[in-house]
Amino acid sequence: AADDKKGEDILVLHVRPVSEVADFLLLASVTSPAHLRAVEEAVRLALKDIGILPSRRDGRASELWRVMDYGGLIVHLMHPEARAFYQLDKLFHGARKVSF
């Protein structure tokens with residue numbers, strides 16, 4: 001869904017071996033506040049269609065970063081500047097990249 005809405009630099013990591021926070025982490029870059037909202041909505045609806053609802057969402061007031069927690073999957077949608085600053089992919093060093 002993130003790819004369908006032109007999310008950029010999409011990365012899916014299998015983080016369970018290196019962290020107990022979730023099984024998978026999805027990171028995607030977005031280029032504007034409107035793009036952020038569109039990608040977030042597409043991901044939310046795609047997962048809702050298969051019966052998966054988020055347990056938490058955060059960042060609704062932010063135009064740079066949104067987080068959706070689906071238990072085993074955490075989705076981070078970030079403006080490239082925020083993504084470069086926080087470097088979440090490095091936080092989970094050793095996590096295996098998952099191709100999609």
Side-chain angles (χ1 to χ4, degrees):
D3 188 48
D4 288 346
K5 287 294 180 180
K6 309 295 186 225
E8 299 176 354
D9 299 321
I10 297 172
L11 177 65
V12 179
L13 297 174
H14 182 225
V15 297
R16 175 58 68 193
V18 297
S19 174
E20 294 191 14
V21 71
D23 294 322
F24 295 94
L25 180 74
L26 184 144
L27 299 167
S29 295
V30 294
T31 57
S32 68
H35 190 209
L36 174 62
R37 288 187 300 273
V39 175
E40 178 185 25
E41 185 70 0
V43 169
R44 187 185 69 76
L45 290 175
L47 291 172
K48 182 180 178 184
D49 285 348
I50 59 172
I52 302 172
L53 300 174
S55 59
R56 291 182 196 92
R57 292 170 59 198
D58 198 9
R60 289 184 202 142
S62 174
E63 295 186 348
L64 299 176
W65 188 359
R66 300 280 167 84
V67 180
M68 297 178 287
D69 182 350
Y70 288 92
L73 169 67
I74 298 179
V75 177
H76 289 270
L77 307 175
M78 307 173 82
H79 189 274
E81 291 174 12
R83 190 164 171 182
F85 180 80
Y86 289 103
Q87 299 183 16
L88 293 181
D89 50 328
K90 292 185 180 182
L91 180 66
F92 296 98
H93 178 73
R96 183 177 54 85
K97 292 180 183 178
V98 177
S99 61
F100 64 96

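Worth knowing before you read on, the calculation uses all heavy atoms, side chains too, and leaves out hydrogens, waters and symmetry mates. Position 1 is the first residue of the sequence; numbering continues from there. This is a predicted model, so every value here is computed, not measured.
Cluster annotation: Val67 is connected to Phe85 through the hydrophobic network of ILVMFWY side chains, with a link wherever side-chain heavy atoms come within less than 4.5 Å. Both Leu26 and Val30 belong to a common hydrophobic cluster when Ile, Leu, Val, Met, Phe, Trp and Tyr are linked at side-chain heavy-atom distances under 4.5 angstrom. Leu13 is not connected to Ile10 by any chain of hydrophobic side-chain contacts under 4.5 Å among Ile, Leu, Val, Met, Phe, Trp and Tyr, and they are in different clusters.
Between Met78 atom CE and Leu27 atom CG the span is 7.0 Å, to the nearest 0.5 Å. The structure places CG of Asp58 at 11.5 Å from CD1 of Ile74, a figure rounded to the nearest 0.5 Å. Separating the CE atom in Met68 from the CG atom in Leu77 is a distance of 4.5 Å, to the nearest 0.5 Å. Between the CG atom in Leu11 and the CG atom in Asp89 there is a gap of 6.0 Å [rounded to 0.5 Å].
Scanning for ring-ring contact (aromatic ring centres under 6.0 Å, His included) contacts around Phe24 gives His14, with sequence neighbours left out. Among residues two or more places apart in sequence or in another chain, the salt bridge (Lys or Arg N to Asp or Glu O under 4.0 Å) test is passed with Asp23 by Arg16.
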What pairs of donor and acceptor atoms, side-chain ones from residues 93-100 against any protein atom, are under 3.5 angstrom apart with sequence neighbours left out?
none

Side-chain polar contacts of residues 37-56 - donor-acceptor pairs under 3.5 angstrom, sequence neighbours left out - could you list them?
from, atom 1, to, atom 2, distance (Å)
Arg37, NH1, Pro33, O, 3.4
Glu40, OE1, Arg66, NH1, 2.6
Glu40, OE2, Arg57, NH2, 3.1
Glu41, OE1, Arg44, NE, 3.2
Glu41, OE1, Arg44, NH2, 3.3
Glu41, OE2, Arg44, NH2, 2.7
Ser55, OG, Asp69, O, 3.1
Arg56, NH1, Asp69, OD2, 3.3

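Pairs of residues two or more places apart, or lying in two chains, that qualify as ring-ring contact (aromatic ring centres under 6.0 Å, His included) and include a residue from residues 45-65 are Trp65-His76, Trp65-Tyr86. The ring-ring contact (aromatic ring centres under 6.0 Å, His included) analysis of residues 32-64, with sequence neighbours excluded, yields no pairs.
For the residue pair Phe92 and Val18, the shortest heavy atom distance occurs at O-CG2, 4.1 Å. Pairing each heavy atom of Leu73 with each of Ala22, the nearest pair is N-CB, 4.4 Å.
Looking only at side-chain heavy atoms (C-beta outward), Leu64 and Glu81 stay at 4.5 Å or farther from each other.
Atom CD of Glu20 sits in a sparse spot, with 12 or fewer heavy atoms from other residues, nucleotides or ligands closer than 6.0 Å.
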